Every structure is written in structure tokens, then in C-alpha cells.
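Some notes on the structure that comes next.
All residue numbers in this chain count up from 1 along the given sequence. Not measured: the values here are computed from a predicted model.
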Amino acid sequence: MKICITSQGEDRASNVDPRFGRCAHFCFYDTESGDYRFEPNEFAAGVGGVGVQTSQYMAEQEVGAVLTGQVGPNAFKTLNAAGIEVYPNAEGTVESAVQAFLAGEFEKTGGPTGPARHA
């Protein structure tokens with residue numbers, strides 16, 4: 001499965017970004033191969049609809065789960081419709097979040113965890 005961790009930087013030692021749609025970078029981690037791939041979030045500076053655009057991008061990337069701090073209602077609805085599980089309250093480094101996920105330490109959410117707009 002491919003998971004996405006919202007990241008403040010471009011390496012495993014970067015902190016998890018608490019924002020979903022406006023995170024600085026995405027870290028894509030493949031649970032089967034153990035490969036990491038980082039890329040900048042091109043939607044972060046958008047005026048509106050950033051959470052939905054980011055969610056649609058997650059579906060295009062065939063992500064099965066998202067680890068982040070908070071997800072607003074529109075982003076959650078879009079992720080949920082795409083069958084992508086949301087694991088909120090991620091913190092620490094990207095590497096520690098991945099290890100916690102693999103150890104089953106995250107609990108997925110059944111609804112939004114943040115406001116409709118997060119600056």
C-alpha cells in the first residue's frame with residue numbers, strides 16, 4: 001500500500017506538517033518496497049479548494065492512507081469517497097510517523113478533524 005505523510009521538509013527527518021491541504025511537502029511511502037518519495041505540494045498556495053485538490057491528487061497517486069495533523073470537512077469527504085483512510089494527529093518526524101503506522105499505533109478517523117479552512 002502507498003501512504004502519504006504530510007511533511008514540512010524533503011527527508012525522513014523532517015517534521016510531519018499538521019496541515020493537510022497546505023502542507024509544504026508530500027512524502028509517499030510504499031509499505032511493500034519500503035521506498036520513500038518526497039515532492040513539494042503545488043496546491044499549498046492556492047486561494048480556495050486546496051483540501052479537495054490535494055485529496056483528488058492523493059486518489060490519482062493511488063494512496064491508501066494519509067497520515068497528517070488535521071483534515072477539514074471537504075478534504076475528508078473527498079478522501080473518504082476515494083476510499084482513502086485518514087489517520088490524524090500525526091506528529092514527530094516523517095520516519096517516526098511511518099514506524100508508528102507500521103506498528104499499528106494510529107487510529108483512523110471517521111470524520112473531519114479540523115476546520116473548513118486552515119491557514
Side-chain angles (χ1 to χ4, degrees):
M1 171 182 18
K2 188 187 299 183
I3 63 173
C4 179
I5 306 92
T6 56
S7 177
Q8 293 179 352
E10 299 180 80
D11 60 52
R12 297 181 203 185
S14 299
N15 286 327
V16 172
D17 198 318
R19 304 163 301 171
F20 174 65
R22 295 194 185 276
C23 68
H25 294 86
F26 302 122
C27 171
F28 295 102
Y29 176 77
D30 187 315
T31 61
E32 294 177 22
S33 68
D35 291 336
Y36 288 82
R37 178 174 56 90
F38 287 82
E39 63 181 60
N41 177 3
E42 296 180 9
F43 307 105
V47 176
V50 172
V52 171
Q53 291 173 332
T54 303
S55 299
Q56 291 169 337
Y57 184 65
M58 294 298 111
E60 291 169 8
Q61 295 297 307
E62 299 179 346
V63 167
V66 169
L67 309 180
T68 191
Q70 296 184 11
V71 175
N74 294 334
F76 179 81
K77 182 179 178 181
T78 305
L79 290 167
N80 191 49
I84 300 171
E85 296 178 343
V86 178
Y87 295 85
N89 305 317
E91 56 187 18
T93 66
V94 168
E95 178 69 25
S96 66
V98 167
Q99 294 308 315
F101 177 80
L102 295 175
E105 296 175 13
F106 278 102
E107 187 172 325
K108 72 178 176 178
T109 185
T113 60
R117 292 188 133 196
H118 192 284

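Scanning both residues, Glu91 and Ala97, for their nearest heavy atoms gives O-CB, 4.5 Å. Gln70 and Thr113 get closest at one heavy-atom pair: CA-OG1, 3.2 Å. Looking at every heavy atom in both residues, Glu107 comes nearest to Pro88 through O-CD, 3.7 Å. Scanning all heavy atoms of the two residues, the minimum distance from Ala82 to Ala59 falls at CB-CB, 3.9 Å.
Atoms CD1 and OH, on Ile5 and Tyr29 in that order, are 8.5 Å from each other to the nearest 0.5 Å. Between the CD1 atom in Ile3 and the CG atom in Leu102 there is a gap of 6.0 Å [rounded to 0.5 Å]. For the atom pair Gln8 CD and Cys27 SG, the distance stands at 13.0 Å (nearest 0.5 Å). Within the model, atoms CD of Glu32 and NZ of Lys2 stand 11.0 Å from one another, a figure rounded to the nearest 0.5 Å. How far OG1 of Thr109 is from CG of Asn89: 8.0 Å, rounded to the nearest 0.5 Å. Atom CD of Glu105 sits about 9.5 Å away from atom OG of Ser96, to the nearest 0.5 Å.
Side-chain atoms of Asn74 do not come within 3.5 Å of backbone N or O of Gly51 as any donor-acceptor pair. In this structure, Arg22 contributes its side chain and Gly46 its backbone to a donor-acceptor pair below 3.5 Å. Using a distance-only test at 3.5 Å, with no hydrogens or angles considered, a donor-acceptor pair links the side chain of Thr54 to the main chain of Val50. Judged purely by atom type and a 3.5 angstrom limit, Thr31 uses its side chain to pair as donor or acceptor with the backbone of Met1. Here the side chain of Asp30 pairs no donor or acceptor atom with the backbone of Asp35 at under 3.5 angstrom. With hydrogens and angles disregarded, no donor-acceptor distance shorter than 3.5 Å links the side chain of Thr93 to the backbone of Ser14. Proximity of a side-chain donor or acceptor of Asn41 to a complementary backbone N or O of Cys23 within less than 3.5 Å is detected.
Taking the six-membered ring where the residue is Trp, Tyr87 and Phe101 present perpendicular rings, their angle passing 60° and hence far from 30°. Ring orientation note: the planes of Phe26 and Phe28 are tilted relative to one another, at an angle of 30° to 60°.
No continuous path of hydrophobic side-chain contacts links Phe76 to Val52 [ILVMFWY only; heavy atoms under 4.5 Å]. Residues Val94 and Met58 are members of separate hydrophobic clusters, defined by side-chain heavy-atom contacts under 4.5 angstrom among Ile, Leu, Val, Met, Phe, Trp and Tyr. Linking Ile, Leu, Val, Met, Phe, Trp and Tyr residues whenever their side-chain heavy atoms come within less than 4.5 Å places Phe20 and Tyr57 in a single cluster. Hydrophobic clustering places Val63 together with Val71 (ILVMFWY residues linked when any side-chain heavy atoms are closer than 4.5 Å, directly or through intermediates). Grouping the Ile, Leu, Val, Met, Phe, Trp and Tyr side chains by contacts below 4.5 angstrom, directly or via other members, places Phe43 apart from Val16.
Look at Lys108 and Glu85 and you find a salt bridge, because one of the NZ, NE, NH1 or NH2 atoms lies within 4.0 Å of a carboxylate O, short of that distance.
A donor atom on one side chain and an acceptor atom on the other are found under 3.5 Å apart for Gln61 and Arg37. A donor atom on one side chain and an acceptor atom on the other are found under 3.5 Å apart for Glu95 and Gln99. Between the side chains of Thr6 and Thr68, at least one donor N or O lies within less than 3.5 Å of an accepting N or O.
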Kindly indicate, with the supporting measurements, whether the criterion side-chain contact (heavy atoms from CB on, under 4.5 Å) is fulfilled by Leu79 and Ser55. CA-CA 5 Å; Leu79 290 167; Ser55 299; 3.4 Å; yes

